[in-house]
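Computed from a predicted model, the values in this text were never measured in an experiment.
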Amino acid sequence: MGTSDQEWRDEQHRVDEVTTKVTRRIEKLQREVGTVRGDVVDLRKEFWDEVRVNFSSSDDLGETSTSLRQQSQVLSERERSHLQSSESLKKMKLLVRSPYFGRIDFEEDGSNNNETIYLGIASLLDDDDEEFLVYDWRAPVSSLYYDGAPGPTSYDTPMGEINGEMKLKRQFVIRNAQIDVMFDTGVTIGDELLQQVLSHSADNQMKSIVATIQKEQNAVIRNDKSRMLVVQGSAGSGKTSAALQRVAYLLYKYRAILKADQVLLFSPNPLFNSYVSSVLPELGEENMQQTTFQAYLDFRLAKEFELEDIFTQMETMLQTDEGHSLEVKRASINFKSSPAYIEVITRYKGYLESRGMMFRPIQFQGRMIISSDTMKEKFYSFEPSVELANRIELMREWMLKELSVFAKKEREAAWVDNQIDLLSADEYQKAYTHVRRKQHKKKDTFDDYEKERDLLARMIVNEWLKPVRKWIKRKRFVDAKGLYRELFLNNELLQVVSGQSSLPVFWDEISEITVADLKKGKLSYEDATPYLYLQELVKGFQTNSAIRYVFIDEVQDYAPFQLEYLKRLFPRARMTALGDLNQGIYAHASVLDSMESLQQLYGPQQTEVISLIRSYRSTYEIVDFTRSMMPGGERIVPFNRQGDKPIVVIETDRDQLHQKIIEDIKALNDQGYEHTAIICKTLMESEQVYEALKDHLTLKKVTKTTPSFVKGTLVIPSYLAKGVEFDAVIIYNASNELYARESERKLFYTVCTRAMHLLHMYSLGEPSHFITDVGSEKYVLIN
């Protein structure tokens with residue numbers, strides 16, 4: 001629906017008025033920020049000049065305390081004022097370029113007042129702070145724009161449902177305070193605006209989508225009832241974008257009680273963290289915490305083990321030829337990732353309550369303080385009803401007391417006298433100062449030799465036993481490695497804890513490999529979480545109650561074991577899990593048979609599943625090609641943005657293949673494409689391609705340690721391209737030799753769906769059957 005020239009002029013006049021007010025407010029805030037910043041600096045410099053310090057008497061001490069408190073309160077107030085002004089200034093700077101993107105005219109039932117509401121990324125009041133010039137896109141009334149259409153409609157507020165009629169829905173694209181696009185629409189977001197947004201080039205960082213949020217995405221963003229929200233979204237459906245806007249919505253709605261550092265996002269890799277890091281600041285919010293599950297495993301286990309990460313596991317699986325060793329590895333991964341293995345570890349904990357605990361002995365200078373047998377005897381002397389982790393806590397307290405008894409006896413040992421004789425003048429003085437500092441509590445002095453020797457001996461023994469005490473406090477006396485290894489050594493134990501679960505084929509070989517790795521200090525990726533889980537069941541879980549919302553992107557890459565662990569790690573948090581089973585590229589992906597199975601984590605009553613089936617990233621032709629690869633792909637709905645069909649180029653000579661890729665990329669650069677990816681199957685292939693092409697093209701090599709995306713042509717392994725998008729994708733070798741296994745279908749689908757505008761697949765020899773099975777009418781073949 002079009003708009004008249006007069007309406008355009010009227011709307012531009014309003015934009016001019018609003019941006020003028022925003023500009024004035026920016027100037028005012030800049031002055032305020034500068035003034036308050038100066039006040040804060042001066043207060044910090046002069047803090048002690050304004051405080052009267054006197055400790056002569058109790059009255060003087062009280063006066064000093066009052067003076068300190070008053071000066072501290074003044075400083076805190078000015079710092080808060082500076083922070084508020086700075087945050088307001090940041091939002092005004094966002095509004096001045098594009099003050100709003102939508103307008104709705106709404107008349108509430110029973111009222112003759114037609115209210116005109118403009119929506120932007122932040123609220124803006126008039127100079128009297130009485131009337132909203134712009135409503136924040138997260139305000140309750142804004143849901144009309146995303147969910148409603150002209151006609152009878154309603155929206156929810158904290159006070160209840162508001163009913164009425166929407167008279168008008170208008171959409172804008174405003175750049176640098178000028179209206180570029182304006183039209184009225186009867187749907188949520190008109191195709192014209194989406195075409196404008198989606199036809200743009202990719203970027204090295206994800207952008208906000210608040211102006212183009214669809215109704216189904218809005219359901220994801222504003223869902224605040226479910227303990228767990230599961231979002232199944234096809235490639236390019238905007239699930240990650242919706243999740244980030246959801247974070248911004250939650251921070252807005254619960255701004256009085258929720259801070260950005262109470263929200264945590266688990267990303268698929270460190271590169272992705274950089275890719276999404278600009279979205280919240282673009283909306284005027286602080287960034288949430290971001291990490292990867294691998295980073296957490298490293299934090300907990302890397303000091304004790306040489307840890308395999310998921311990328312190394314993937315690289316190994318892709319480079320290993322089909323055969324017995326690959327079958328054994330797959331069987332090991334699938335079983336150790338499964339709910340059945342969770343049951344095994346849980347039953348093992350119950351088994352340990354009555355027998356089988358393992359401890360490391362406490363020794364000092366080759367002498368036994370507490371033997372493992374004594375510890376085991378003590379452990380099982382506690383009441384059977386006492387929880388395992390509580391018994392370990394009681395063990396720790398008992399062992400610290402035993403260590404104190406040992407320390408007292410050890411002060412008389414000859415080695416202690418030798419250490420006293422070796423004390424330097426500085427060390428002696430340190431001991432003397434230490435004693436003097438405690439004199440007001442104890443009557444210890446250096447008045448005679450015996451007292452002096454006793455005090456020095458106490459200091460030396462305590463210092464030497466400090467590592468042992470620290471070891472006990474950290475519960476390192478529990479032999480977690482031995483307990484985990486026993487699962488693979490003790491067949492009788494295994495029969496007890498496996499219950500009705502059948503062990504995988506090749507169990508003997510799996511056990512042999514696992515035990516050998518543990519002996520070498522190695523821990524495979526599929527063993528890391530079960531090992532941690534068992535350790536936590538025994539020692540007690542290290543939980544984080546500060547985090548209130550956990551977001552897991554690419555949830556199909558997580559084993560049920562890992563999700564169960566995260567649930568226990570964040571006991572107070574609500575969870576949002578986003579994924580696409582069609583992009584389950586890792587070896588354990590088959591363990592998660594459906595997104596609905598995630599309901600088991602918190603139960604169906606506390607879980608909601610939302611599906612996003614419309615794909616916006618790629619052109620119609622690319623989506624039509626890629627969806628044909630996957631069973632059930634016909635359910636994916638492509639957005640109607642036209643482009644070129646995918647191209648398949650067949651070559652038999654590698655040098656000729658390289659020459660054609662070089663020419664292709666140069667042509668893409670000339671056409672203005674700024675983000676192109678040469679996607680290789682493995683890291684090894686990426687490195688070979690980079691070396692072969694780097695003298696002819698400006699390339700950037702991406703590895704698992706690459707910190708951020710940049711513009712240009714990237715050479716990247718398949719599994720690191722997940723979650724991001726490129727203007728053009730060149731698949732280096734899409735041959736049947738490289739992509740033939742059924743287990744690689746999802747991997748090939750995933751790399752193809754990274755392309756926004758162009759998809760070019762090169763093949764050394766016969767193309768993969770994933771391509772040819774699609775149907776020749778959906779791609780262009782070049783021999």
One thing to verify: whether [Y] and [X] come together as a salt bridge, which I'm taking to mean a side-chain N less than 4.0 angstrom from a carboxylate O.
{"X": "Glu651", "Y": "Lys660", "result": "yes"}
{"X": "Glu663", "Y": "Lys666", "result": "no"}
{"X": "Lys711", "Y": "Glu674", "result": "yes"}
{"X": "Glu286", "Y": "Lys90", "result": "no"}
{"X": "Arg627", "Y": "Glu634", "result": "no"}
{"X": "Lys722", "Y": "Asp557", "result": "yes"}
{"X": "Arg617", "Y": "Glu725", "result": "yes"}
{"X": "Glu744", "Y": "Lys681", "result": "yes"}

Could you list the donor-acceptor pairs under 3.5 angstrom formed between side-chain atoms of residues 311-319 and any protein atom two or more places apart in sequence or on another chain?
unit_1	atom_1	unit_2	atom_2	d
Thr312	OG1	Asp309	OD1	2.9
Thr312	OG1	Lys704	NZ	3.3
Gln313	NE2	Glu526	OE1	3.0
Glu315	OE1	Leu683	N	3.0
Glu315	OE1	Tyr719	OH	2.3
Glu315	OE2	Gln319	NE2	2.7
Glu315	OE2	Leu683	N	2.8
Glu315	OE2	Met684	N	3.2
Thr316	OG1	Thr312	O	2.9

Side-chain donor-acceptor pair under 3.5 Å between [X] and [Y], yes or no?
{"X": "Asp664", "Y": "Tyr762", "value": "yes"}
{"X": "Asp553", "Y": "Thr240", "value": "yes"}
{"X": "Glu554", "Y": "Gln556", "value": "yes"}
{"X": "Gln671", "Y": "Asn669", "value": "no"}

Listed once per pair and sorted, the salt bridge (charged side-chain N to carboxylate O under 4.0 Å, His left out) pairs that draw on residues 756-781, sequence neighbours left out
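Every salt bridge (charged side-chain N to carboxylate O under 4.0 Å, His left out) pair that includes a residue of residues 756-781, provided the two are not neighbours, is Asp624-Lys778.
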Of Leu301, Leu532, Leu566, the residue whose pairing with Tyr296 passes side-chain contact (heavy atoms from CB on, under 4.5 Å):
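Among Leu301, Leu532, Leu566, the one that satisfies the side-chain contact (heavy atoms from CB on, under 4.5 Å) with Tyr296 is Leu532.
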Rounded to the nearest 0.5 Å, how far does [atom2] of [Y] lie from [atom1] of [X]?
{"X": "Phe748", "Y": "Ile585", "atom1": "CZ", "atom2": "CD1", "result": "14.0 Å"}
{"X": "Arg641", "Y": "Glu621", "atom1": "CZ", "atom2": "CD", "result": "9.5 Å"}
{"X": "Leu581", "Y": "Ser597", "atom1": "CG", "atom2": "OG", "result": "7.5 Å"}
{"X": "Leu518", "Y": "Leu523", "atom1": "CG", "atom2": "CG", "result": "6.5 Å"}
{"X": "Thr320", "Y": "Leu326", "atom1": "OG1", "atom2": "CG", "result": "5.5 Å"}
{"X": "Leu781", "Y": "Asn783", "atom1": "CG", "atom2": "CG", "result": "4.5 Å"}

Between Gly233 and Asp580, which heavy-atom pair has the shortest distance, and what is it?
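Closest pair (atom of Gly233, atom of Asp580, distance): O-CB, 3.1 Å.
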Mind checking ring pair (Phe, Tyr, Trp, His ring centres under 6.0 Å) for Tyr484 and listing every partner two or more places apart, or none if nothing turns up?
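In terms of ring pair (Phe, Tyr, Trp, His ring centres under 6.0 Å), with neighbours along the sequence ignored, Tyr484 is linked to Phe488, Tyr531.
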Tell me whether the rings of His324 and Phe506 are parallel (<30°), tilted (30 to 60°) or perpendicular (>60°).
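Judged by the thresholds at 30° and 60°, the geometry between His324 and Phe506 is perpendicular.
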With a 4.5 Å heavy-atom cut-off, do Met761 and Ile771 have their side chains touching?
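Yes; the side chains approach each other to less than 4.5 Å.
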Axial cation check for Phe561 ring with Lys336, 6.0 Å and 45° limits:
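No.
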Can you list the steps and then say if Trp507 with Ser511 is a side-chain contact (heavy atoms from CB on, under 4.5 Å)?
CA-CA 6 Å; Trp507 178 253; Ser511 296; 3.2 Å; yes
Apply side chain to side chain donor-acceptor pair (under 3.5 Å) to Asp517 and Thr514, showing your working.
CA-CA 5 Å; Asp517 281 348; Thr514 305; over 6 Å; no
